[in-house]
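To start, the structure itself, in structure tokens.
Below, all heavy atoms of this structure are taken into account, side chains as well, without hydrogens, waters or symmetry copies. In the text below, chain A, chain B and the rest are named by the order of the sequence lines, each starting its count at 1.
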Number of protein chains: 2
Amino acid sequence: MSQSPWQPISPPKPPRPAKAPLTRERIVDAAMRLIVEHGYDAVSMRKIAQELGTGPASLYAHVANKGELDQLLVDRAAQQMKLSDEPDPANWQEQVKDYMREMLRVMRANPGVARAAIGQVPLVEHAMLSTEKLLAILKAGRLPDQAAAWAADLLPLYVTAVSFEETVQNASNWTPADVERFVGEMRTFFADLPADRFPVTVALATALTAGAGGDERFEFGIQVITAGLASLAEPS
Amino acid sequence: MSQSPWQPISPPKPPRPAKAPLTRERIVDAAMRLIVEHGYDAVSMRKIAQELGTGPASLYAHVANKGELDQLLVDRAAQQMKLSDEPDPANWQEQVKDYMREMLRVMRANPGVARAAIGQVPLVEHAMLSTEKLLAILKAGRLPDQAAAWAADLLPLYVTAVSFEETVQNASNWTPADVERFVGEMRTFFADLPADRFPVTVALATALTAGAGGDERFEFGIQVITAGLASLAEPS
DNA sequence: ACCTGAACACCGTTCAAGT
DNA sequence: ACCTGAACACCGTTCAAGT
């Protein structure tokens, strides 16, 4: 119990604790690392805790639950969106498309975030700031208030759904060759269906399996939606 | 070991086993009952087994895994779609909308199915038959092959995403009064945001929270997409 | 061939106890 | 105030053993 004369023991205040203290920031960092590297299903409270060298219970001092963590991941991703353009009434349709392209780019860069985002109204700061930008573009395009508001719901819904689909498809790690083989099998499957019950499906077998991996299908989607919105714009 | 003289024991072949035998059909029945009554998260292999008075391992003789079961649930729902109309070139836009309305009706009648369907290409019989009908309508509308094929992907994607959103929102069992209170809170939240950073959001607070529960928002979505498709139709 | 119990390797969340 | 170990009530799936 007596202090050793040889060396001072247990210095009263070690300059810093060996472990960095747990923070909301560090928890989201770890979660983001896990989701990007191993997909949405790899993100569990337990895995995050393990990544941080602690137990799952420790996280609950900083994050209410898994749902809140999902929201924080969406916020992180939203922060990465580059949206510098001023709304331009003469160019609003192209700006809407660029917004959607940028959103898809960020979601692809953070696979699994789409899964965390889907079905949630994003009430976190950076997600709301990007929605604000989108609304400004839509109003510059002379859409009525109600159309602009619902469009600001429809557009991200579409991008998120597309990204989600890609995430599910790309689960595990398929090579481009695997994808091509799978698409080929699907085309054969469609083409070989009984033509009396599936006449159009058989006839369109090639078209139905085109543009699976690339951007053409997405470009088609944003073209359709943007053109539909344009038909609702008020005359200037 | 000797047989009792008092009564015949263990009659060699009881006319029928006490329990009805497990079948794929009965498993999907039980799963459908669970998903409709308690939502997607209530459907687990263990709960289904319990519902059928057996253990989870028994299901794997009839169903490969949870993913296949999800597909079977989607097929069951697709079977409920009423799609009697002949494709009518003069009326194809309204037919597309009716198709989407019918799909949403069935998904609302089977809450949780949207969650099972999202992100999966539906390669089950009845889902494919309904897709065939949709493709026929789109071709009647003189859409080019590629546009028809991608539209047959886009339209169900939108309906499924809307239904999924509703499912998440309606999780647990909110009364209409609860929904109204929540919408009111959200409107106040938007309206009270700092106007310098969120000018458009603040201005559109009412529009952004309109039509949350009802069909108006969905009607807007199908109007936009259908109008966008119409702009791609070939001249007749 | 079909069914079963038991086990494996996981989940999210809570809570009393520690510092 | 923050962190922890242990527990609670769950998951999907596998497998050797039974009939």
Side-chain angles (χ1 to χ4, degrees), chain A residues 9-31 34-35 37-73 112 115-116 119-120 168 171-172, chain B residues 9-31 34-35 37-73 112 115-116 119-120 168 171-172:
Chain A
I9 54 168
S10 63
K13 276 193 180 175
R16 287 208 186 164
K19 281 200 231 175
L22 228 45
T23 61
R24 205 177 237 256
E25 188 92 24
R26 290 189 64 227
I27 290 169
V28 179
D29 283 346
L34 281 171
I35 203 173
E37 271 178 49
H38 302 105
Y40 182 79
D41 288 330
V43 180
S44 69
M45 299 302 269
R46 303 175 103 97
K47 292 261 181 63
I48 297 166
Q50 197 184 326
E51 191 86 354
L52 295 168
T54 182
S58 304
L59 307 180
Y60 287 85
H62 303 92
V63 169
N65 51 40
K66 183 92 196 301
E68 187 177 295
L69 187 64
D70 281 348
Q71 291 260 34
L72 293 171
L73 289 172
R115 189 116 163 224
Q120 308 206 48
V168 172
S172 60
Chain B
I9 54 170
S10 64
K13 276 192 181 176
R16 287 207 187 164
K19 283 200 231 173
L22 228 46
T23 61
R24 205 178 237 257
E25 188 93 26
R26 290 189 64 225
I27 291 169
V28 179
D29 283 346
L34 282 172
I35 204 173
E37 272 177 47
H38 302 106
Y40 183 78
D41 288 330
V43 181
S44 70
M45 299 302 268
R46 302 176 103 95
K47 293 260 182 62
I48 296 166
Q50 198 184 326
E51 191 86 353
L52 294 169
T54 183
S58 304
L59 306 180
Y60 287 84
H62 303 92
V63 169
N65 50 41
K66 184 90 194 303
E68 186 177 296
L69 188 63
D70 282 348
Q71 290 259 34
L72 293 172
L73 289 172
R115 190 116 163 227
Q120 310 208 45
V168 172
S172 60

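Residues B/I27 and B/H62 approach most closely at CD1-CB, 3.7 Å, considering heavy atoms. When every heavy atom of B/N65 is checked against every heavy atom of B/M45, the shortest pair comes out as C-CE, 4.5 Å. The two atoms that bring A/A116 and A/Q120 nearest to each other are O-NE2, 2.7 Å, heavy atoms only. Across every non-hydrogen atom of B/A31 and B/L73, the tightest pair is CB-CD2, 3.9 Å. Minimum interatomic distance between B/A30 and B/I48 (heavy atoms only, all atoms of both residues): CB-CG2, 4.1 Å.
One atom, CG of A/L59, and another, P of D/dG5, lie 13 Å apart when rounded to the nearest Å. Going from atom CG of B/L22 over to atom C1' of C/dC3 covers 8 Å, rounded to whole Å. The distance between atom CG of B/L69 and atom C1' of D/dT13, rounded to the nearest whole Å, is 14 Å. For the pair A/I27 CD1 and D/dC2 P, the computed distance is 12 Å after rounding to whole Å. The interatomic distance linking B/I48 (CD1) with D/dT13 (C1') rounds to 14 Å, in whole Å. As rounded to whole Å, 15 Å separates atom C1' of D/dA6 from atom OH of A/Y60. Rounding to whole angstrom units, CD of residue A/Q50 and C1' of C/dC11 are separated by 13 Å. As a whole-Å value, the separation of B/M45 CE from C/dA6 P is 20 Å.
Applying the 4.0 Å criterion to OP1 and OP2 of D/dC10, one finds that B/K47 has every side-chain N and O outside that range. In this structure, A/S58 does not reach the D/dC2 phosphate: none of its side-chain N or O atoms is under 4.0 Å from OP1 or OP2. Proximity of B/H62 to the phosphate of C/dC3: a side-chain N or O atom is located under 4.0 Å from OP1 or OP2. Between A/S44 and C/dC10 there is no side-chain N or O to OP1 or OP2 distance below 4.0 Å. Between B/T54 and C/dC3, a side-chain N or O to OP1/OP2 separation shorter than 4.0 Å is absent.
In this structure the side chain of A/Y40 reaches within 4.5 angstrom of the side chain of A/D70, judged on heavy atoms.
With C1' as the reference atom, D/dA9 and C/dC10 are 13 Å apart, rounded to whole Å. Comparing C/dC2 with D/dA17, their C1' atoms sit 13 Å apart, to the nearest whole Å.
Here salt bridge (Lys or Arg N to Asp or Glu O under 4.0 Å) pairs that include residues 38-55 of chain B, with residues two or more places apart or in two chains, are B/R33-B/E51, B/D41-B/R115.
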### Message
Can you give me the dot-bracket string for DNA chain D, 5' to 3', counting Watson-Crick and G-U wobble pairs with both distances under 3.5 Å, using [ ] for crossing pairs and | for partners on another strand?
### Response
||.|||||...|||||.||
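Between A/A57 and A/D41, the one whose closest nucleotide on DNA chain C sits nearer the 5' end is A/D41. For the pair A/P56 and B/K66, nearest-nucleotide mapping onto DNA chain D gives the more 5' position to A/P56. Both A/A61 and A/R46 lie near DNA chain D, and the one whose nearest nucleotide falls closer to the 5' end is A/A61.
Under the rule for a salt bridge (charged side-chain N to carboxylate O under 4.0 Å, His left out), the partners of B/E25 that lie at least two apart in sequence or sit in another chain are B/R76.
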